[in-house]
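Heads up: the structure comes next, in structure tokens.
These values consider heavy atoms only, across backbone and side chains, with no hydrogens, waters or symmetry-generated copies. Numbering of ligands and ligand atoms starts at 1, following listing order.
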Amino acid sequence: MTAQDARTGWVRQVVTYDHARTLALLYVVLHFSRRWVRTVRAEGVRGVAHNAYVSVARALMRLLLKLPANRRRVEREMSTAAGQLEQSLVLPSTVPTMRVLPVHGRDDRWIDKQLDVLQHLGKHGDDSERHWRDGRCSGAVYHGGDELSRVIVDALRRFLLSNPLHPEVFPGVRKMEAEVVAMVLDMYNAPPGAAGTTTSGGTESILMACKTVRDWARAERGITEPEMVVPMSAHVAFDKAGNYFGIKVRRVPVDRISRKVRIDAVHRAINSNTVLLVGSAPNFPDGMIDDIVALGALAKRHRIKCHVDCCLGSFLVPFLERAGFVSEPFDFRVEGVTSISCDTHKYGFAPKGSSIVMYDSEALRRYQYYVNPAWVGGVYASPTLAGSRPGALIAATWAVMVAMGQDGYTESCKQIVGAAKAIERRIRDEIPELTILGHPLVSTFAIGSAGAINVYDVGDQMSKRGWHLNAIGGDAPAVHLACTRLTVPVVDEFVADLKEAVAHSRTKPAQPGTMATVYGLGQSTAVGPMLIGDMATRFIDLLYKLTP
Ligand SMILES: *Cc1c(COP(=O)(O)O)cnc(C)c1O
């Protein structure tokens, strides 16, 4: 027997069928335990235990809800709630309900009359226009003033039917789109060779940034199970991106006091599948800017990408210093930052449907494109989710940006951030029952309870006084206000109403309103989120319900 034969004989003896099975099992065990180790590292033993508890509690609740008596009760309650929701949403109107196309087209006068009624359709006969013009809505309408509205309408009219999918037909639109992107890149101090595209809004900008990094990691790193590390406080569009594009989202907590993402937690959540770290400048819930320098450095060290969400910061953060406010590093000057999203349709004052996503290089931007040379309809190449796009929005965005200029945005930053600071200071000084979370630097801040009162009840009291604040969940219950130009003249009114709301909620608590009920329920771990999710689904159904 030669040495060769001896060796194959040995191999044949050792690697029997049983061994192969054991090895396969071992591989599966290792594979899953590696997943477990990663999850425990990212979420901590307590986090994992908590999540396990929530899963078990939910499964139990789901079982209990299956019992006929319970099911009937829940169904009854949900129907009542949905009925109330419907009444507040699907408003009766004197305008006829159009269920089918009119056989003969209506004339201008008829349409004008109907549109007039629809524009002012509101609850209990009050005027829906007045609702936001009064400055009592948090965020929602980023109005640049009536003069700017005229600029927008003129641009929309001129480019009404243009479609940037056909640049050879609309060369002017192509030029304006390239310039809008270039101007925003410059605002964010992009390096030479940086690149971007316009999108339909902040959500699409974020979706695109995540897809781009996923495709980059697949092509250049061979990562097929991509993950991203996202602060708890970052926008829900990152979860949407994870859901749409098959990227695992690891949400990491923020510091309880500073409200910035905990860098140690980000560090622990990174593993060999991580492709992207995310920071906000600022975030939506409490308006804090994450430690972008630390995030960029971590990303660089792990040779992965780092996205900064400046959708809300948009045209405020780049002008903070010039407007005389304190700022923190947030843009392409920070080492390791590879992409940024910025909403022209927020503090840029462009009409809704307009945002920018930027990358530190053209090479990275290419991973965003969709190119198909084999389609029977012709060679197809498009930069974003949409095919045909509204060139009119690009023209309007361009017109607004050049009408405002650096001076205009510096001034609007002064006013808007000034209003936010004034309200914040007065709350800290004059309303001891409330606190401001963290130390926000921009236009948005969250108001929490200093201990004795239920802040959602205060939110409900503010609703009764005509204010629309957002309820903020998570580890720190709060209501938030995103100041806009419309808030500037109503700072005193806001503080006065807030004082009344606090006094009311201190003297006669209980009698929970919508915000208190919904968020009270949403915070309960077992059934709350399930029921709220069900209601939210019914809410979307209602959006498409015809007026009876
Ligand atoms: C508004 C916002 C977005 C994007 O929202 P859109 O409604 O899709 O424009 C993203 N991040 C933050 C922090 C935001 O405030």
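Proximity of Glu204 to ligand 1, defined as any heavy-atom pair under 4.0 Å, is not found for any part of the residue. The part of Asp309 lying near ligand 1 is the side chain, judged by heavy-atom distances below 4.0 Å.
Note: Phe332 and Tyr188 fail the aromatic proximity criterion, with ring centroids not under 6.0 Å apart.
Looking at ligand 1, you won't find any N or O of Asn283 less than 3.5 Å from one of its N or O atoms. Residue Gly202 has at least one nitrogen or oxygen atom sitting less than 3.5 Å from a nitrogen or oxygen atom of ligand 1, judged on distance alone.
For Thr212 against Tyr367, the heavy-atom pair with the smallest separation is O-CB, 3.5 Å.
Salt bridge status for Glu147 with Arg150: present, with a side-chain N to carboxylate O gap under 4.0 Å. Electrostatic pairing of Asp460 and Lys464 does not count as a salt bridge here, judged by no charged N lying under 4.0 Å from a carboxylate O. Salt bridge status for Asp541 with Arg538: absent, with no side-chain N to carboxylate O gap under 4.0 Å.
Less than 4.0 angstrom separates some heavy atom of Lys346 from each of these atoms of ligand 1: 1 (C), 2 (C), 3 (C), 4 (C), 5 (O), 14 (C), 15 (O). Counting the atoms of ligand 1 from 1 in the order shown, those under 4.0 Å from a heavy atom of Ile206 are 10 (C). Near His345, meaning under 4.0 Å from any of its heavy atoms, are these atoms of ligand 1: 9 (O).
Between the side chains of Arg250 and Thr274, not a single donor N or O lies within less than 3.5 Å of an accepting N or O.
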